[in-house]
Amino acid sequence: MEHLRIALQKSGRLHEDSIRLLKDCGIDMNLSQRLKSSALNFPLEIFFLRDDDIPQYLEENIIDLGIVGENLILEKERKLKIKEKLGFGRCRLSIAVPKNSDYQTIEDLSEKCIATSYPNILKKFLDKQQIQADIHTISGAVEIAPGIGLSDAICDLVSSGGTLFINGLREIETILKSEALLVASQNIKFPRKSLAERLYFRIQAVKRARNNKYVMLNVSNKYLENILNFLSGEKSPTVLPLADPNWTAVHAVIEEKNLWNSIERLKAYGAQDLLVLPIKKMIP
Ligand code: ATP
Ligand code: ZN
């Protein structure tokens with residue numbers, strides 16, 4: 001039987017969340033295999049690779065799907081398709097300078113040297129800003145470059161900023177915001193194509209579920225209309241009678257990012273006894 005082939009990062013920042021996404025899609029796998037594992041309940045082979053190799057393997061059709069950072073996709077400029085933003089692996093690509101230097105803006109880096117592992121993205125950014133600077137490409141430990149006299153500034157990935165701080169650096173410009181992406185080879189052939197569609201469907205159901213919460217509340221009938229106006233969707237919310245005929249229960253799905261604002265509004269409109277539950281899967 002033909003198997004769909006997906007590549008995940010072997011170890012590193014995207015590894016755990018990528019495995020968790022597949023697990024939430026109902027895919028069981030044996031994680032003791034180091035390079036390649038077959039899913040136990042879906043025709044899927046999982047390859048564990050360095051993230052840097054994944055874009056090329058996709059372009060060459062060695063694998064069908066991969067999970068990598070948007071930063072890497074933009075840097076590698078390979079021919080492939082972006083299928084989904086996955087909501088994890090969030091970081092930014094930023095320019096940073098030594099804390100005590102005079103540099104305040106990127107204009108101050110004109111004719112200076114910037115060390116990075118992202119020369120393509122950086123060059124495009126500098127060209128657009130019409131800044132001439134020397135790009136020094138290094139593959140790792142970029143944050144130590146200014147300290148050892150290799151460069152005046154760096155362009156590197158940042159999430160909390162802790163690494164910059166430890167290395168005496170200060171961020172002056174963000175040039176890209178990134179998160180993990182599901183990417184696909186440009187021509188996945190049948191029957192792997194239909195397996196990929198099945199996986200996309202599951203990933204979308206998981207993503208939707210992660211972005212929403214299920215809220216249950218009780219409301220006195222005299223305030224019910226306020227609550228229904230606030231929550232009105234196409235068919236929902238669910239409206240249920242309670243043992244006390246003067247009271248009604250309302251159940252609705254609420255976007256995670258507005259959750260606390262929505263709860264405050266619901267309370268103000270008269271909602272009581274609120275329960276907020278996670279959703280496992282959400283299928284339209
Ligand atoms: P590999 O051994 O696979 O080449 P790596 O060292 O290139 O690993 P990681 O540091 O694990 O990669 O980062 C993988 C991806 O995680 C990055 O490309 C980026 O998309 C994302 N990421 C999220 N936060 C950060 C961060 N603070 N620093 C670096 N990458 C981050
Ligand atoms: Zn890498």
Side-chain angles (χ1 to χ4, degrees), residues 5-23 29 31 33-37 45-60 62-63 65-78 80-97 99 114-125 135-147 150-151 153-185 203 207 210:
R5 302 157 304 178
I6 190 167
L8 312 181
Q9 195 190 19
K10 182 173 58 185
S11 62
R13 290 186 155 93
L14 303 178
H15 177 80
E16 299 259 321
D17 285 329
S18 304
I19 302 269
R20 192 154 56 87
L21 178 65
L22 290 187
K23 284 197 172 152
M29 64 193 109
L31 285 174
Q33 263 101 345
R34 304 191 88 208
L35 179 66
K36 196 176 88 172
S37 174
E45 273 178 345
I46 303 125
F47 291 78
F48 297 104
L49 303 175
R50 280 202 63 198
D51 61 353
D52 309 66
D53 297 331
I54 295 175
Q56 183 186 347
Y57 283 15
L58 284 166
E59 191 181 73
E60 293 171 354
I62 293 165
I63 49 171
L65 301 174
I67 295 180
V68 283
E70 194 173 352
N71 51 296
L72 200 72
I73 295 299
L74 292 173
E75 180 60 28
K76 299 280 182 185
E77 300 177 336
R78 295 286 182 165
L80 38 79
K81 278 192 205 153
I82 296 175
K83 300 303 297 184
E84 293 284 340
K85 291 193 172 207
L86 297 176
F88 58 82
R90 286 211 168 90
C91 57
R92 54 193 189 274
L93 186 65
S94 287
I95 297 183
V97 298
K99 200 168 47 198
I114 309 173
T116 189
S117 309
Y118 293 89
N120 291 328
I121 300 178
L122 178 59
K123 174 150 195 339
K124 276 195 187 146
F125 174 79
I135 299 176
H136 190 98
T137 306
I138 47 179
S139 61
V142 172
E143 64 281 0
I144 65 167
L150 205 59
S151 70
I154 65 162
C155 169
D156 202 9
L157 294 174
V158 187
S159 43
S160 66
T163 308
L164 292 184
F165 184 80
I166 290 166
N167 287 283
L169 297 168
R170 152 170 72 81
E171 220 172 324
I172 57 167
E173 181 90 25
T174 298
I175 68 178
L176 172 77
K177 286 199 171 142
S178 176
E179 67 184 271
L181 300 177
L182 177 73
V183 280
S185 142
I203 289 176
K207 264 182 64 178
R210 287 179 180 181

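As the structure lists them, so they are numbered: ligands from 1, and atoms in each ligand from 1. Numbers here simply count residues along the sequence, with the first being 1. Only a predicted model underlies this, so the values are computations on that prediction, with no experimental measurement involved.
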Next item on the list: Could you tell me which atoms of ligand 1, counted from 1 in the order shown, lie closer than 4.0 angstrom to a heavy atom of R90?
Entry: 23 (C), 24 (N)
Item checked: Per-atom contact, atom 6 (O) of ligand 1, protein heavy atoms, under 4.0 angstrom -> no
Check: What do you reckon, does H15 put a non-hydrogen atom under 4.0 Å from ligand 1?
Finding: no
Next item on the list: Would you name the heavy atoms of L21 and R210 that are closest together and state the gap between them?
Entry: CA-NH2, 3.7 Å
Margin query: Quick check on contacts: which atoms of ligand 1 are under 4.0 angstrom from a heavy atom of L14?
Written below: 15 (C), 16 (O)
Checklist line | Residue pair V142 / P146: nearest heavy atoms and the distance that separates them | finding: O-CD, 3.9 Å
Next item on the list: Could you pull out the closest heavy-atom pair between K36 and F48, with the gap in Å?
Entry: N-CD1, 4.4 Å
Note to self: If the cut-off is 4.0 Å to any non-hydrogen atom of G69, which atoms of ligand 1 fall inside it?
What the structure shows: 20 (O)
Notebook entry, point to check: If the Zn ion (ligand 2) is the vertex, what is the angle to OD1 of D52 and OD1 of D51, rounded to 10 degrees?
Noted result: 70°
Note to self: Please confirm whether D52 approaches ligand 1 to less than 4.0 Å, judged on its heavy atoms.
What the structure shows: yes
Next item on the list: Check Q9 against ligand 1 and report side chain, backbone, both or neither, counting heavy atoms closer than 4.0 Å.
Entry: side chain
Next item on the list: Please write down residue, atom name and distance for the protein heavy atom closest to atom 10 (O) of ligand 1.
Entry: R13 NH1, 3.2 Å
Checklist line | Non-hydrogen atoms of S151 and A153 that approach each other most closely | finding: OG-O, 2.8 Å
Check: Are side-chain N/O atoms of E143 and T163 paired as donor and acceptor at under 3.5 Å?
Finding: no
Notebook entry, point to check: Under 4.0 Å from ligand 1, counting heavy atoms only, is it the side chain of D51, its backbone, both or neither?
Noted result: both
Next item on the list: Would you check if the side chain of S178 reaches a backbone N or O of N71 as a donor-acceptor pair within less than 3.5 Å?
Entry: yes
Margin query: For atom 24 (N) of ligand 1, what is the closest protein heavy atom, and at what distance to 0.1 Å?
Written below: C91 CB, 3.3 Å
Next item on the list: Any chance you could measure L65, atom CG, to I63, atom CD1, to the nearest 0.5 Å?
Entry: 8.0 Å
Check: What atoms in ligand 1 come closer than 4.0 Å to a heavy atom of G12?
Finding: 11 (O)
Checklist line | Nearest option to atom 2 (O) of ligand 1, as decided by whichever heavy atom of R50, E179, E75 sits closest | finding: R50
Check: How does E70 reach ligand 1, by side chain, by backbone, by both or by neither, if only non-hydrogen atoms under 4.0 Å count?
Finding: neither
Next item on the list: Give the residue and atom name of whichever protein heavy atom lies nearest to atom 30 (N) of ligand 1, and the separation in Å to one decimal.
Entry: L157 CD1, 3.3 Å
Notebook entry, point to check: So among L22, L14, L49, which one has a side chain to side chain contact (heavy atoms under 4.5 Å, CB included) with L8?
Noted result: L22
Notebook entry, point to check: Do other residues, nucleotides or ligands put more than 12 heavy atoms under 6.0 Å from the CD atom of E77?
Noted result: yes
Checklist line | Where H15 and Q9 come nearest, the two heavy atoms and their spacing | finding: ND1-O, 2.8 Å
Notebook entry, point to check: By number and element, which atoms of ligand 1 are closer than 4.0 Å to a non-hydrogen atom of G89?
Noted result: 21 (C), 23 (C)
Margin query: Suppose we measure from atom 27 (N) of ligand 1 to each protein heavy atom; which comes out shortest, and what is that distance?
Written below: S159 OG, 2.7 Å
Check: What closest approach, in Å, do T116 and C155 show between heavy atoms, and which atom pair accounts for it?
Finding: OG1-O, 2.6 Å
Notebook entry, point to check: What residue and heavy atom of the protein are closest to atom 18 (O) of ligand 1, and at what distance?
Noted result: N71 ND2, 2.9 Å
